[in-house]
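Worksheet: the structure to be examined is printed underneath.
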Protein chains: 2
Amino acid sequence: MDSEHNKSIGRLISLLNKYGNVYMNEKLKDYNLGAGQYQFLMVLYQNEGLSQDEVASILKMDKGTTARAIAKLESEGYVERKVFNTDKRVKKLYLTIKAHEFEKEIRSILTNWKMVLANGLSTEEQNITLVLLNQIALNAEEYLDCKH
Amino acid sequence: MDSEHNKSIGRLISLLNKYGNVYMNEKLKDYNLGAGQYQFLMVLYQNEGLSQDEVASILKMDKGTTARAIAKLESEGYVERKVFNTDKRVKKLYLTIKAHEFEKEIRSILTNWKMVLANGLSTEEQNITLVLLNQIALNAEEYLDCKH
DNA sequence: GTGTTTTAGTTGCAGGTGCAACTATATAAT
DNA sequence: ATTATATAGTTGCACCTGCAACTAAAACAC
């Protein structure tokens with residue numbers, strides 16, 4: 001997975017990750033959020049009432065990272081954590097009015113970034129990109145899971 | 001750039017970045033290196049004698065990050081920094097014998113990862129992936145550069 | 001019911017990163 | 001020659017992340 005090309009896939013991935021973070025940190029600055037929280041918020045926009053563990057699982061993120069991101073979202077007023085009656089260990093996550101009012105804005109920010117990335121790519125190319133990246137991510141995940 | 005698919009491109013990129021880091025940190029542990037340094041080493045394997053600034057520019061990495069990574073490589077014995085005679089601000093980076101002896105190993109580690117990622121992808125798909133990611137990275141870079 | 005194992009969330013630790021400010025050096029302008 | 005501006009590298013700061021250890025609660029085994 002080389003080599004006619006200047007940059008290896010590892011380089012490209014880390015570059016793209018950096019660019020995305022820089023963009024998101026800039027755009028979310030005025031909302032007191034950073035690149036580390038928005039993904040959690042987006043999951044909750046789709047599934048309110050999930051536990052932290054469920055969100056971490058969906059995003060394939062570390063539990064500690066999840067707890068800290070949700071704590072930030074809570075302290076900034078976007079999320080409420082409520083202990084679940086049936087299982088006292090569990091905290092269910094609910095969006096605040098502030099979060100709901102923010103939804104259109106965050107979706108707009110994300111859409112803009114996607115448009116930036118997709119500039120000059122046909123619809124087919126965009127789809128192929130996603131399909132291939134999904135496959136690659138699956139490969140990586142399976143490999144790392146097998147090693148445990 | 002969505003949406004038939006479960007995961008957005010932003011999600012996939014950050015996931016892949018994470019997986020790559022986890023892999024590299026694990027593989028480099030015994031060499032006292034982490035995911036933060038190998039890219040610098042790889043550039044130096046191709047171009048010994050570059051300055052820090054040149055390496056940072058090639059990798060499109062922050063100067064501070066570069067300085068810290070190179071400092072780590074130096075303290076672990078992979079790199080020597082030498083002040084450049086003509087311009088005393090500049091430090092030229094040279095590889096040590098240890099680095100040269102390590103080259104085959106690091107290349108093997110990277111090749112393995114690439115093979116993991118490419119599993120099940122045809123040569124054409126692999127090439128398309130790189131072409132598309134290059135284009136996307138270029139899009140992102142141009143957009144962020146224009147904003148300054 | 002009691003003891004053991006598993007699980008959700010929290011926290012410590014260490015690593016890595018971008019932005020900004022700073023110092024020393026070089027370059028450009030006067 | 002002197003002053004102003006630019007540049008290479010360093011360091012502070014804040015942010016984010018995975019791994020591991022821990023606590024409290026739940027599930028499982030006897």
Side-chain angles (χ1 to χ4, degrees), chain A residues 14-29 32-40 50-57 59-76 79 81-93 141 144-145 147-148, chain B residues 14-26 28-29 31-40 50-57 59-76 79 81-93 141 144-145 147-148:
Chain A
S14 69
L15 254 193
L16 280 166
N17 194 57
K18 187 249 307 267
Y19 292 143
N21 284 341
V22 167
Y23 172 81
M24 291 307 297
N25 280 328
E26 173 64 30
K27 290 291 185 178
L28 296 179
K29 187 167 34 172
N32 284 317
L33 297 179
Q37 293 91 46
Y38 77 92
Q39 287 193 36
F40 297 94
L50 293 179
S51 68
Q52 281 182 206
D53 199 55
E54 284 167 330
V55 175
S57 181
L59 289 174
K60 303 188 200 302
M61 296 277 273
D62 173 67
K63 291 197 305 182
T65 304
T66 302
R68 276 179 281 239
I70 300 293
K72 167 80 176 180
L73 286 168
E74 188 181 42
S75 77
E76 292 297 336
V79 162
R81 288 188 279 191
K82 295 185 178 175
V83 174
F84 188 39
N85 258 336
T86 312
D87 182 340
K88 296 294 194 300
R89 298 172 303 179
V90 175
K91 295 187 174 176
K92 296 285 190 178
L93 309 174
E141 190 182 326
L144 293 176
D145 281 347
K147 300 198 62 78
H148 308 327
Chain B
S14 69
L15 255 191
L16 280 166
N17 194 57
K18 187 249 305 264
Y19 292 143
N21 284 342
V22 169
Y23 173 79
M24 291 307 297
N25 281 328
E26 173 64 31
L28 297 179
K29 189 169 28 172
Y31 304 98
N32 282 318
L33 297 178
Q37 292 90 47
Y38 78 93
Q39 288 194 34
F40 297 94
L50 292 179
S51 69
Q52 282 181 207
D53 199 55
E54 283 167 330
V55 175
S57 182
L59 289 174
K60 303 189 199 303
M61 296 278 273
D62 173 67
K63 290 197 307 182
T65 303
T66 302
R68 278 178 280 236
I70 300 291
K72 167 80 175 180
L73 286 168
E74 187 181 43
S75 76
E76 292 297 337
V79 162
R81 288 187 279 193
K82 295 185 179 176
V83 174
F84 188 39
N85 259 336
T86 312
D87 183 341
K88 295 296 196 298
R89 299 173 302 179
V90 174
K91 294 187 176 177
K92 295 285 186 175
L93 308 175
E141 189 182 328
L144 293 176
D145 281 346
K147 300 197 64 77
H148 310 325

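The shown structure was predicted, so the numbers you read here are calculated from the model rather than taken from an experiment. We name chains A, B, ... by the order of the sequence lines, and we start the count at 1 in each one.
Closest to the side chain of A:R81, from the set C:dC13, D:dC16, C:dT10, is C:dT10. Relative to the side chain of A:D62, the nucleotides D:dC19, D:dT11, C:dA24 differ in distance, and D:dC19 lies closest. Side-chain proximity of B:R68 to C:dT25, C:dA8, D:dT11: nearest is D:dT11. Out of D:dG9, C:dG18, C:dT10, the shortest distance to the side chain of A:V22 is found at C:dG18. If you check D:dT11, D:dA25, C:dG18 against the side chain of A:D87, the one that comes closest is D:dA25. Residue A:T65 has its side chain nearest to D:dT17 when only C:dG18, D:dT17, C:dT25 are considered. Nearest to the side-chain atoms of B:K63 among the listed nucleotides C:dC19, C:dG9, D:dG9 stands D:dG9. When the nucleotides D:dG9, C:dA26, C:dT10 are ranked by their closest atom to the side chain of B:K91, D:dG9 comes out on top.
When heavy atoms are screened at a 4.0 angstrom cut-off, B:A35 is found touching the sugar-phosphate backbone but no base atom. A:T66 comes within 4.0 angstrom of no nucleic acid atom, judged by non-hydrogen atoms across all strands.
Between A:L50 atom CG and C:dA8 atom P there is a gap of 13 Å when expressed in whole angstrom units. Distance CG (B:D53) to P (C:dA26): 15 Å, rounded to an integer number of Å. The separation between B:E26 atom CD and C:dA14 atom C1' is 16 Å, rounded to whole Å. Summarising the geometry, the separation between CG on A:L59 and P on D:dT17 is reported as 10 Å, rounded to the nearest angstrom. The distance from atom CG of B:N25 to atom P of D:dA20 is 12 Å, rounded to the nearest whole Å. The distance between atom CD of A:E76 and atom P of D:dC15, rounded to the nearest whole Å, is 10 Å. Following rounding to the nearest Å, B:L15 (CG) and D:dT17 (P) show an atom-to-atom distance of 12 Å. Distance NZ (A:K60) to C1' (D:dG18): 16 Å, rounded to an integer number of Å.
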Problem - side-chain contact (heavy atoms from CB on, under 4.5 Å) evaluation trace for A:N17 with B:L16 - result: CA-CA 9 Å; A:N17 194 57; B:L16 280 166; over 6 Å; no
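Paired with B:Q52 under the rule side-chain hydrogen bond (donor to acceptor under 3.5 Å, both in side chains), one option of B:K92, B:K63, B:R81 passes, and it is B:R81. For the side chain to side chain contact (heavy atoms under 4.5 Å, CB included) with B:L50, the lone residue among B:V90, B:V55, B:L93 that qualifies is B:V55.
Of all heavy-atom pairs spanning B:Q37 and B:A69, the tightest one is CG-O, 3.8 Å. Contact between B:T66 and B:A56 at its shortest, heavy atoms only, is OG1-CB, 3.2 Å.
Checking A:A69 against B:E54, the closest nucleotide of DNA chain D that is more toward the 5' end is the one next to B:E54.
Look at A:Q37 and you won't find any side-chain N or O under 4.0 angstrom from OP1 or OP2 of D:dC15. Applying the 4.0 Å criterion to OP1 and OP2 of C:dT17, one finds that A:K18 has every side-chain N and O outside that range.
In this structure, the side chain of B:K18 engages the main chain of A:K60 through a donor-acceptor pair within 3.5 Å.
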